[in-house]
Student: 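My questions all concern the structure below.
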Amino acid sequence: MGIIDLFSKRHRRLRGEVPDVYQYDDIPQSLRVQIVQIIDETIKTVGTRGGITAVFDDFNIPEDAYKYIHRILCKEYGQFKLTEDKNEGLAVLNFLLKEKSIGRTLDVIELCFQVIDVGIRNNMVCRYRDDLQPKFDDAISELNARFKEHGVGFQFESSKIIRVDSEFLHTEAVKPTLSLLRGSDYKRANEEFLSAHEHYRHGRYKECLVELLKALESTMKTICQKRGWVTTPKDNASKLIK
């Protein structure tokens with residue numbers, strides 16, 4: 001459905017009542033409800049059967065997508081169920097609505113959108129449905145717009161939740177970088193860059209810088225290889241720059 005610019009929103013903007021500084025310690029309940037609606041609408045839009053890449057050979061999208069998400073979260077958290085709900089879809093969504101930990105809340109959001117962006121998008125039925133592919137992009141765009149609307153400093157990029165500190169920096173530097181690193185030649189650099197973001201989100205700044213340097217070196221080695229310039233695996237950034 002996307003975002004509707006309601007009368008009340010327009011007047012909040014006119015009064016200057018919009019967040020201009022991101023916060024990272026809370027996912028407001030209204031935002032949680034909106035995210036639940038985006039997830040459920042998107043997953044249930046594709047009510048068909050088919051194969052899903054690297055997950056199931058026979059995959060009933062609405063039902064088995066939630067089963068998969070529920071099973072992964074339970075296993076990682078070391079518990080048998082997320083809530084008392086018998087239906088696994090309800091369990092996932094109610095957990096997202098009620099979980100107090102910001103980290104676990106983001107876990108659920110990230111995993112749900114990974115299933116949408118990678119699993120369902122690459123489903124053997126969906127892959128060739130031109131009418132469905134834009135729905136997955138629209139869901140991700142709406143999620144990111146809702147984060148921004150509520151002043152919550154996270155975005156879903158390259159199938160990961162990443163922290164955003166500056167809208168300008170994110171738009172002008174981070175997004176173009178992720179776009180450039182999306183190619184198979186830069187797979188290692190992309191993984192290192194996303195790993196740096198994960199460390200940054202958790203305040204592990206030393207580890208973040210280490211991964212960023214690795215990403216820089218991996219990118220330069222790929223460029224050198226494409227240009228036919230001889231390098232060795234041990235070459236560091238300063239040598240590669242020269």
Student: Donor-acceptor pair, E207 side chain versus H199 backbone, under 3.5 Å?
Tutor: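 No, because the side chain of E207 does not come within donor-acceptor range (under 3.5 Å) of the backbone of H199.
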Student: Would the distance check show the side chain of K67 and the main-chain N or O of E88 forming a donor-acceptor pair, the cut-off being under 3.5 Å?
Tutor: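 Between the backbone of E88 and the side chain of K67 there is no qualifying donor-acceptor contact (under 3.5 Å).
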Student: Between E110 and K160 (side chain of the first, backbone of the second, donor and acceptor by atom type, cut-off under 3.5 Å), is there such a pair?
Tutor: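 Flag not set: sc E110 to bb K160 has no pair under 3.5 Å.
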Student: Among the clusters formed by ILVMFWY side chains lying less than 4.5 Å apart, do I72 and V92 turn up in the same one?
Tutor: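 Per the 4.5 Å side-chain linkage, I72 and V92 are co-clustered.
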Student: Could you pull out the closest heavy-atom pair between T219 and A189, with the gap in Å?
Tutor: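 Closest approach of T219 to A189: OG1-CB, 3.4 Å.
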Student: If every non-hydrogen atom of E157 is compared with every non-hydrogen atom of I162, which pair is closest and at what distance?
Tutor: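 Between these two residues, the closest heavy atoms are CG-CD1, 3.8 Å.
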Student: Measuring from S218:OG to L181:CG, what's the distance to the nearest 0.5 Å?
Tutor: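 If I round to the nearest 0.5 Å, the distance is 9.5 Å.
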Student: For F156, check ring pair (Phe, Tyr, Trp, His ring centres under 6.0 Å) against everything at least two apart and list the hits.
Tutor: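 Here the qualifying residues are F113.
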Student: Minimum heavy-atom separation for S30 to H150, with atom names?
Tutor: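 Minimum heavy-atom separation between S30 and H150: OG-CE1, 3.1 Å.
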Student: Between the side chains of E217 and K214, is the shortest nitrogen-to-carboxylate-oxygen separation below 4.0 Å, so that they form an ion pair?
Tutor: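 No, no charged N to carboxylate O under 4.0 Å.
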Student: What residues join L90 in its hydrophobic cluster, counting side-chain heavy atom gaps under 4.5 Å, either direct or through other members?
Tutor: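 The other cluster members (ILVMFWY side chains, heavy atoms under 4.5 Å, direct or chained): none.
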Student: Output the distance between atom NZ (K135) and atom CD1 (I43), rounded to the nearest 0.5 Å.
Tutor: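 Here the interatomic distance stands at 14.5 Å.
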Student: As an exercise, state the distance from CG of L93 to CZ of R32, rounded to the nearest 0.5 Å.
Tutor: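 It comes to 12.5 Å.
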Student: With a 4.5 Å cut-off on side-chain heavy atoms, are V210 and Y205 touching?
Tutor: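 No, side chains not in contact.
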Student: Within the side chain of N236, is there an N or O that forms a donor-acceptor pair under 3.5 Å with the backbone of K239?
Tutor: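 Side chain of N236 to backbone of K239: a pair is present.
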Student: Taking side-chain contact (heavy atoms from CB on, under 4.5 Å) as the definition, give me every residue that meets it alongside V33, ordered by chain and number, with sequence neighbours left out.
Tutor: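 With neighbours one apart ignored, the set is Q29, Q37, L97.
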Student: With a 4.5 Å cut-off on side-chain heavy-atom distances among I, L, V, M, F, W and Y, is there a chain of contacts connecting L216 to L240?
Tutor: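 The answer is yes; both residues are in one hydrophobic cluster.
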Student: For K81, check side-chain contact (heavy atoms from CB on, under 4.5 Å) against everything at least two apart and list the hits.
Tutor: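 K81 satisfies side-chain contact (heavy atoms from CB on, under 4.5 Å) with H70, E84 only.
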Student: I'd like to know if the side chain of E211 pairs up with that of H197 as donor and acceptor (distance under 3.5 Å, no hydrogens or angles considered).
Tutor: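 No, H197 and E211 have no side-chain donor paired with an acceptor closer than 3.5 Å.
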Student: Walk me through whether N94 and T83 qualify under side-chain hydrogen bond (donor to acceptor under 3.5 Å, both in side chains).
Tutor: CA-CA 7 Å; N94 280 328; T83 69; 5.3 Å; no
Student: Among T105, L106, I27, D107, which residue satisfies the side-chain contact (heavy atoms from CB on, under 4.5 Å) criterion with L96?
Tutor: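 With L96 as partner, side-chain contact (heavy atoms from CB on, under 4.5 Å) holds for just one option, T105.
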Student: How long is the span from the CD1 atom in I120 to the SG atom in C112, to the nearest 0.5 Å?
Tutor: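 Interatomic distance, I120 CD1 to C112 SG, rounded to 0.5 Å: 9.5 Å.
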Student: Atom CZ of residue position R188 - does it have more than 12 heavy atoms of other residues, nucleotides or ligands inside 6.0 Å?
Tutor: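 Open.
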Student: Mind listing the closest non-hydrogen atom pair of D25 and I102 along with its distance?
Tutor: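 Nearest heavy atoms, D25 then I102: C-CD1, 4.3 Å.
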Student: Holding to side-chain contact (heavy atoms from CB on, under 4.5 Å), I want the full list of residues that pass it with K226, two or more places apart in sequence or in another chain.
Tutor: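 Expected list: D185, Y186, T222.
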Student: Dump the intermediate steps for side-chain contact (heavy atoms from CB on, under 4.5 Å) on D64 and Y68, then the final yes or no.
Tutor: CA-CA 6 Å; D64 289 349; Y68 173 72; over 6 Å; no
Student: I'd like to know if I140 and I39 are part of one continuous hydrophobic network [Ile/Leu/Val/Met/Phe/Trp/Tyr, side-chain heavy atoms within less than 4.5 Å].
Tutor: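 In one cluster with I39: I140, yes.
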Student: Roughly how far, to the nearest 0.5 Å, is CD of E99 from CG of L82?
Tutor: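 Atom-to-atom, L82:CG and E99:CD are 9.0 Å apart.
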Student: Classify the side-chain pair N87/Y66 by whether it contains a donor and acceptor separated by less than 3.5 Å.
Tutor: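 Per modelled atom types, N87 and Y66 side chains form no pair under 3.5 Å.
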Student: Give a yes or no on whether F193 and Y200 share a hydrophobic cluster (residues Ile, Leu, Val, Met, Phe, Trp, Tyr; joining criterion: side-chain heavy atoms under 4.5 Å apart).
Tutor: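 Different clusters: F193 never reaches Y200 through Ile, Leu, Val, Met, Phe, Trp or Tyr contacts under 4.5 Å.
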Student: Return the CG to CD distance between L194 and E192, rounded to the nearest 0.5 Å.
Tutor: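 Rounded to the nearest 0.5 Å, the CG-CD separation comes to 10.5 Å.
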Student: Within the structure provided, determine whether I241 and M220 are in side-chain contact (heavy-atom separation under 4.5 Å).
Tutor: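 Yes; the side chains approach each other to less than 4.5 Å.
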Student: Identify the two heavy atoms, one from A139 and one from I38, that lie closest to each other, and give their separation to 0.1 Å.
Tutor: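 Where A139 meets I38 most closely, the heavy atoms are O-CG2, 3.8 Å.
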Student: Where the side chain of Q133 meets the backbone of R121, is there a donor-acceptor pair that is under 3.5 Å apart?
Tutor: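 At least one qualifying donor-acceptor pair exists.
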Student: Sequence neighbours left out, what passes side-chain contact (heavy atoms from CB on, under 4.5 Å) with Q225? Give chain and number order.
Tutor: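 Once residues adjacent in sequence are excluded, Q225 has no partner under the side-chain contact (heavy atoms from CB on, under 4.5 Å) criterion.
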Student: Using the rule given for side-chain hydrogen bond (donor to acceptor under 3.5 Å, both in side chains), can you reason through D235 versus T232, listing the C-alpha separation, both sets of side-chain angles and the distance that settles it, and then say yes or no?
Tutor: CA-CA 5 Å; D235 287 345; T232 70; 2.8 Å; yes
Student: Between F154 and Y24, how do the two ring planes meet: parallel, tilted or perpendicular, split at 30° and 60°?
Tutor: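 Because their plane-to-plane angle is over 60°, the rings of F154 and Y24 count as perpendicular.
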